[in-house]
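Have a look at the structure below, then the notes.
All values reported here derive from a predicted model rather than from experimental measurement.
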Amino acid sequence: MEYNFKEIEKKWHEIWNESKAYKTEIDNSKPKFYVLDMFPYPSGAGLHVGHPLGYIASDIYARYKRQKGFNVLHPMGYDAFGLPAEQYAIQTGQHPAVTTNANAARYREQLDKIGFSFDWSREFKTCDPDYYKWTQWTFIQLFNHYYNKKEEKAEKIEKLISQFEKSGTENVTAAETKPLTFTAAEWNSKTEDEKQEILLNYRLAYIAETWVNWCPKLGCVLANDEVVNGLSVRGGFPVERKLMKQWILRVSAYAERLLRGLDTLEWSDSLKEIQRNWIGRSEGAFIRFNIENKEETLDIFTTRPDTIFGVSFMVLCPEHALIEKITTADRKTEVENYVTWARNRSETERQADVKKVSGVFTGAYAVNPFTGERVPIWVAEYVLAGYGTGGIMAVPAHDSRDYAFAKHFQLPIREVIAGGDIEKEAFETKDGTVINSDFINGLTVKEAGKMIIEKVKEKGIGYGTVNYRLRDAIFSRQRYWGEPFPVYYKNGYPYMLDEQELPLLLPEVDKFLPTETGEPPLARAANWKTKEGYPLETCTMPGFAGSSGYYLRYMDPHNDKEYFSKEANQYWQDVDLYVGGAEHATGHLIYSRFWNKFLFDIGLACKEEPFKKLINQGMIQGRSNFVYRIVGTNKFVSLGLKNEYETQPIHVDVNIVSNDILDIEAFKNWRPEFADAEFILEDGKYVCGWEVEKMSKSKYNVQNPDDLVEKYGADTLRMYEMFLGPIELAKPWDTNGIEGVFRFIKKFWRLYHDAQNNFAVTDDAPTKEELKILHKTIKKIEEDNEKFSFNTAVSCFMIATNELTELKCRKRAILEPLAVLLSAYAPHIAEELWHLSGHTDSVLTANFPIFNPEYLVENSFTYPISFNGKVRFQKEFPADMSPKEIEAAVLADENAARWLDGKTPKKVIVVPKKIVNVVI
RNA sequence: GCCGAAGUGGUGGAAUGGUAGACACGAGGGACUUAAAAUCCCUUGCCCAUUGCGGGCGUGCGGGUUCAAGUCCCGCCUUCGGUACCA
């Protein structure tokens with residue numbers, strides 16, 4: 001039979017499907033292995049060749065691990081809530097669930113064609129009520145817990161309440177929004193509403209006012225990149241900054257654990273570094289400054305307490321609550337104008353002119369606790385509300401931003417660290433000696449910092465502390481297509497629904513737009529309230545809600561009593577291998593880790609970190625082709641001649657270009673305006689130019705995997721995607737090379753067949769040489785699989801196939817193990833050959849061949865002989881010859897005499913099995 | 001600006017400090033064929049020599065360590081990611 005991939009692939013898809021070949025169940029007799037892909041958002045455009053790259057890699061690894069005796073969990077599903085479906089719904093009126101389901105079905109169809117070993121019985125979408133019930137459930141748990149910083153774990157809010165009842169805030173070590181102090185008596189005399197208000201300061205899911213980009217015309221909160229120059233991208237309506245009540249997750253409470261946990265993970269260093277920077281741990285001190293003639297005090301955070309003698313002004317962020325209280329009457333108008341202006345600037349706008357210095361003096365003065373000096377308090381945009389206390393002590397001599405500000409407003413610059421030239425620029429080094437600073441003079445920066453922290457502690461005006469850049473995550477979206485919050489309001493305070501009332505289903509609405517009064521779409525739902533008549537929350541959860549814990553649900557996806565059973569979690573534990581893009585480094589991969597740590601704290605998840613090993617597959621870029629039209633004509637000139645004319649490059653569909661040669665007929669039919677195009681050719685061909693760009697429809701460089709499967713088969717596509725290059729590298733998609741892999745697959749097929757195309761594997765005993773080829777291959781494939789070096793593994797298969805073809809080896813003892821090795825990469829052809837060879841079970845359950853080093857033992861070895869590092873000739877020696885003997889034999893060689901030229905060598909270096917170098 | 005990664009033929013890319021360019025594409029030449037497809041063989045980093053050998057130069061740039069450097073060290077350049085008034 002000839003190699004007919006269409007028949008073979010179709011046949012095996014049906015058989016695998018019917019026999020549920022990839023269904024996985026708990027099996028305590030085998031070690032578990034959990035291989036997971038970042039599940040896709042099913043967009044309307046379908047898959048392009050970039051999407052399956054990671055899935056193929058993880059599939060190869062999953063199949064490999066199965067053959068190594070592991071019970072492999074390899075599930076797939078869809079991240080289905082999100083903006084595109086909602087926007088499509090707004091335009092067409094079609095319910096987002098309808099488009100989402102249609103898109104998911106199309107994804108499934110495309111994925112199935114590639115032959116993945118997913119256990120589809122575990123599939124779910126994040127928008128399935130059976131699933132989002134547990135997203136809502138987890139939210140309730142977050143609301144009902146706070147973070148105990150001393151114990152470093154989440155604890156029940158009841159514990160905090162009983163502490164308040166007994167001793168107020170004394171000895172409370174809870175992560176909080178702002179520091180509060182009250183006694184037990186004070187707490188006990190508070191009303192229910194007041195207590196609820198206070199508890200929001202501690203809950204892990206809390207509601208609070210935050211600044212958002214509000215577009216009154218759209219009735220909608222916009223993300224930063226949806227706002228340009230103060231106008232909405234969609235519609236161009238004015239956008240203002242507004243304080244709005246939003247749900248927030250106290251991710252920052254876990255900052256330290258998120259940071260420390262990184263050390264236990266097998267992730268790439270660069271990805272860990274991105275997360276470390278994002279968490280942004282910095283050590284420093286909180287210091288309290290008194291304000292002249294005021295009761296209020298000004299708290300600041302600094303990483304440089306050692307420079308406190310260099311403070312020449314203080315700066316507050318425009319949002320700071322103190323501004324109103326301390327601004328003097330004569331400065332009031334100016335300060336108010338500045339604050340209003342600054343507050344209404346979007347973050348993007350602020351970022352756009354970071355270099356521009358702006359600010360205003362409040363008229364008030366703080367008092368330096370060490371010198372007693374009056375220090376003017378300013379307000380400026382460059383101090384951010386979300387970090388530290390929103391106020392700083394400015395030391396212009398040793399901070400470039402303070403320096404720019406001081407120069408601009410002609411404030412004093414006082415040098416307190418020796419070694420810089422503060423006339424020119426700020427001297428920001430952290431190794432230096434302190435000067436002009438009273439009792440810390442002569443100390444190093446480090447020592448001085450410690451000393452100041454001790455002193456402020458003594459004075460009771462501050463303490464050493466650690467601050468993080470990581471912000472709490474805003475969890476409310478004024479949208480329709482997301483999980484509804486299991487929340488209702490009483491007297492304006494939020495309360496959670498009972499667990500029995502979950503899932504709280506997404507209600508039907510007449511339109512997916514905000515209401516006329518600017519409320520979110522859920523406010524349109526009839527009867528959006530509890531049985532008792534309390535109003536329900538109208539916001540929905542953001543995209544990352546559903547993806548934060550989906551990997552846990554795959555362990556036990558149909559459980560209607562729990563998120564997942566203890567038994568399933570004990571068995572599957574955590575994800576051993578997670579494959580996905582690095583673009584999730586500061587989003588999903590932080591939120592998931594937070595989510596998992598919380599579930600670990602409350603005793604649900606048995607592992608603290610969800611993803612043990614992570615591989616980031618590189619982005620697949622597009623490779624666009626261009627034709628060059630001579631300006632003002634409909635004449636196109638081939639690439640090599642284009643410089644002789646004035647031309648304009650035009651994107652041309654890559655599907656009508658092969659090896660950069662344009663299919664002229666197809667081009668004429670491509671678009672009507674090219675029907676009568678003329679061409680200036682090179683050697684009778686039209687050569688196109690090319691460029692690497694993002695893969696997109698408008699650039700006509702999208703490759704659809706379906707087309708390639710149709711033309712070459714899934715096995716070829718799978719192997720070619722791996723052959724392209726290292727999995728982690730970003731690389732352009734170039735279909736040109738796929739023929740080479742296709743040839744290999746056909747050649748591999750012929751290895752098992754005779755000239756008449758009959759299956760012709762024999763039971764003859766293999767030769768030493770053939771065994772050597774096999775075992776060399778087993779060794780290399782195993783190593784490459786473990787290293788995720790799938791591109792070199794494909795090359796290794798090609799070499800082995802070429803060598804065995806050369807030897808006309810058609811022996812079962814060689815070819816069967818080879819088919820097993822290949823089955824992870826090209827499952828269809830391997831399965832077919834396996835069955836032709838007489839097996840009735842699936843190659844999926846075959847054991848990975850065992851490498852035997854004895855077959856690789858050499859009886860002689862050819863050494864390159866170099867003189868002063870330059871290789872001059874080669875010589876063969878028995879493999880068991882000692883280095884000393886080799887040395888003697890080399891020097892006795894007649895070739896050596898020529899290079900030695902009568903001199904005695906200074907030294908001879910013999911590197912066993914590598915090289916002999918003679919130093920003259 | 002800061003952090004991270006990477007620079008190797010016409011192209012994608014191989015090389016535990018040990019013969020750089022495996023493997024593949026493309027290109028050129030040839031075999032088979034009426035022809036095409038498919039398949040197979042040879043050449044293919046650059047320069048000189050080419051009737052046989054052969055020789056020189058080559059991994060972004062400049063230094064260094066070493067018998068030996070694409071690989072290690074120092075100083076640059078370029079590209080790509082992340083981040084950006086984080087005190």
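Residues meeting the ring-ring contact (aromatic ring centres under 6.0 Å, His included) test with A/Phe851, sequence neighbours left out: none. For A/Tyr338, the ring-ring contact (aromatic ring centres under 6.0 Å, His included) partners at least two apart in sequence or on another chain are A/Trp341. For A/Phe427, the ring-ring contact (aromatic ring centres under 6.0 Å, His included) test picks out no residue, with sequence neighbours left out. By the ring-ring contact (aromatic ring centres under 6.0 Å, His included) test, A/Phe723 is found to be paired with no residue, residues two or more places apart in sequence or in another chain being considered.
Note on A/Asn802: a side-chain N or O is less than 4.0 Å away from OP1 or OP2 of B/A24. Distances shorter than 4.0 Å separate none of the side-chain N or O atoms of A/Tyr382 from OP1 or OP2 on B/A87. Distances shown here put a side-chain N or O of A/Arg743 below 4.0 Å from the OP1 or OP2 atom of B/C25.
Residue pairs meeting the salt bridge (charged side-chain N to carboxylate O under 4.0 Å, His left out) criterion with at least one member in residues 268-279 of chain A, sequence neighbours excluded: A/Asp263-A/Arg276, A/Glu273-A/Arg276. Sorted by first and then second residue, the salt bridge (charged side-chain N to carboxylate O under 4.0 Å, His left out) pairs involving residues 735-745 of chain A (not counting sequence neighbours) form an empty list. Legend: salt bridge (charged side-chain N to carboxylate O under 4.0 Å, His left out) pairs involving residues 298-315 of chain A, not counting sequence neighbours, sorted by first then second residue: A/Arg288-A/Asp299, A/Arg304-A/Asp306.
Here the P atom of nucleotide B/G4 and the CD atom of A/Glu273 are 6 Å apart, to the nearest Å.
Base-pair partner of B/A87: not found among the strands shown (Watson-Crick or G-U wobble, both distances under 3.5 Å). The partner of B/G45 is B/C57, judged by Watson-Crick or G-U wobble contacts that both fall below 3.5 Å.
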Expected rows: protein N/O vs nucleotides 12-15 of chain B N/O, under 3.5 Å:
unit_1: B/G12; atom_1: O2'; unit_2: A/Leu724; atom_2: O; d: 2.5
unit_1: B/G13; atom_1: O3'; unit_2: A/Asn791; atom_2: ND2; d: 3.4
unit_1: B/A14; atom_1: OP1; unit_2: A/Asn791; atom_2: ND2; d: 3.0

Pairs under 3.5 angstrom, nitrogen or oxygen only, protein versus nucleotides 67-69 of chain B, please.
unit_1: B/C67; atom_1: O2'; unit_2: A/Asn917; atom_2: ND2; d: 3.3
unit_1: B/C67; atom_1: O2; unit_2: A/Asn917; atom_2: ND2; d: 2.1

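Taking atom C1' in both B/G58 and B/G9, the straight-line distance is 11 Å, to the nearest Å.
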